[in-house]
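What follows is a short report on a single structure.
Just so it is clear, the model here is predicted, and its values are computed rather than measured. Lettering follows sequence order; numbering is per chain, from 1.
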Number of protein chains: 2
Amino acid sequence: MRLRRDVRGNRFTQQQVPQQVIEQLLDAALLAPSVGYSQPWQFVVIKQQKIKQQVFDSFSQENEYASTLFKGDRQDKYKQLKLEGILEAPINIAVFYQPSDEPVLGQTSIKDVGKYSVVCAIQNMWLMARALNVGIGWVSIVDPNVVKKVLNAPQQNELIGYLCVGYVSEFLDEPELKKSAWQQQKDKADVVSYDQF
Amino acid sequence: MRLRRDVRGNRFTQQQVPQQVIEQLLDAALLAPSVGYSQPWQFVVIKQQKIKQQVFDSFSQENEYASTLFKGDRQDKYKQLKLEGILEAPINIAVFYQPSDEPVLGQTSIKDVGKYSVVCAIQNMWLMARALNVGIGWVSIVDPNVVKKVLNAPQQNELIGYLCVGYVSEFLDEPELKKSAWQQQKDKADVVSYDQF
């Protein structure tokens, strides 16, 4: 957990990821908890450069828009950051939530918990990847509807995460956005309280 | 990951959870990835039985409603399941998402990714707990607005997970809902595809 990092395109190497490693990542995902044991996940492992390119095009467009939301120095800094590794990573994995047609035990009061199960699966993969010396970067600057279309996803599925996966030149000792002073680390005391806020 | 379980009230023991263990769980949570390094989490560690009781009351009400959604044999089976350990667990931890007032890097296309960061923190806690022989159960059958009120949570915060935490009499070898045939395990081949659906 301490050594896990979000990895971008400037760190991925071209070393191939063996199928056995991909299977280990998927197996870790499938060990995640899921509400009502619903296992509401779908994984698409992407190797074709043509498909990655279409996702990258969506990133480029969304990132252009995103940069306009930051002002002044912060916008300059934003534009200098490398925020994805879609084309550089040998493997991409798109992770979807697939809603159930029937009521799901535990999902009757808070509908979103089904999606949270899928996130638990992603975090399991991320930790397993690190244990295998494989890096993962989570790209969230994409249009989920474009990704769905590119991957021919069923209408009702929802994109939860788009992951870039590969071996890396290095794992930074601290999160990149902390090192670059984009954002400070919060104090534990400011995010923990006892019995009530 | 393989040995982690969702633990309910019939497994928790009354053995006290030392503060050091609580700190280790929180430290694991704080090592989670977060979009734009936003660390959008808030943890409320609950020990007072009075507060737990109010959350339990919300569970009871929501669970009564939930049971009506399942029909026939399935409803009978539902009613026999022990689905939480709010009062039995020595510690409860409510985990909230705290939205930012400013644009967050990476959260500009898919707003929900901020909440997903909080889920990653929960999964880290869950795995760390298991490594320390501590059980966690995630209760999602509660009214999030009632929990917010009981815990005096700021208006803009969103409840992501309500966790019951404690030592356990046993960790089952497989998920309880699989063992009791409530839900079958899915085949890996049915949830993984390559390049496209």
Region of A:I22 that comes under 4.5 Å of a non-hydrogen atom in chain B: side chain
B:E176 portion near chain A, given a 4.5 angstrom heavy-atom threshold: neither
Portion of B:D112 that has a non-hydrogen atom of chain A nearer than 4.5 angstrom: side chain
Same apolar cluster: A:M128 and A:V118, side chain cutoff 4.5 Å: yes
Side-chain donor or acceptor of A:D195 paired with backbone N/O of B:K47 under 3.5 Å: yes
Which of B:L81, B:I110, B:N124 touches chain A most, by non-hydrogen pairs under 4.5 Å: B:N124
pair A:K188-B:L26: side-chain heavy atoms closer than 4.5 Å: yes
Straight-line distance of A:Q48 CD to B:Q196 CD, nearest 0.5 Å: 7.0 Å
Side chain, backbone, both or neither of A:R2 within contact of chain B (heavy atoms, under 4.5 Å): both
Gap separating the OG atom of B:S117 from the CH2 atom of A:W138, nearest 0.5 angstrom: 7.0 Å
B:E170 atom CD, over 12 foreign heavy atoms within 6.0 Å: yes
Residue, of A:N63, A:L177, A:L30, A:L159, that accumulates the most heavy atom pairs under 4.5 Å with chain B: A:L177
Contact origin within B:Q184 toward chain A - heavy atom pairs under 4.5 Å: backbone
Max heavy-atom pair count under 4.5 Å with chain A, selected residue of B:D143, B:I160, B:V150, B:D190: B:I160
Under 4.5 Å from any heavy atom of chain A - which part of B:V35: side chain
Structural part of B:P175 lying under 4.5 Å from a heavy atom of chain A: side chain
Contact class of B:L105 relative to chain A, heavy atoms under 4.5 angstrom: both
Part of B:L69 within contact of chain A (heavy atom distance under 4.5 Å): both
A:E158, part contacting chain B, at a heavy-atom distance under 4.5 Å: side chain
B:K50 portion near chain A, given a 4.5 angstrom heavy-atom threshold: neither
Heavy-atom pair of closest approach, residues A:F70 and B:V104: CZ-C, 4.0 Å
Option that, when pairs with chain A are counted at under 4.5 Å, heavy atom only, ranks first among B:N157, B:I141, B:I122: B:I141
Residue part contacting chain A, namely of B:Y78, when any heavy atom lies under 4.5 Å: side chain
Contacting region of B:V113 [heavy-atom separation from chain A under 4.5 Å]: side chain
Check: B:G106 main-chain N/O paired with A:S140 side-chain donor or acceptor under 3.5 Å: yes
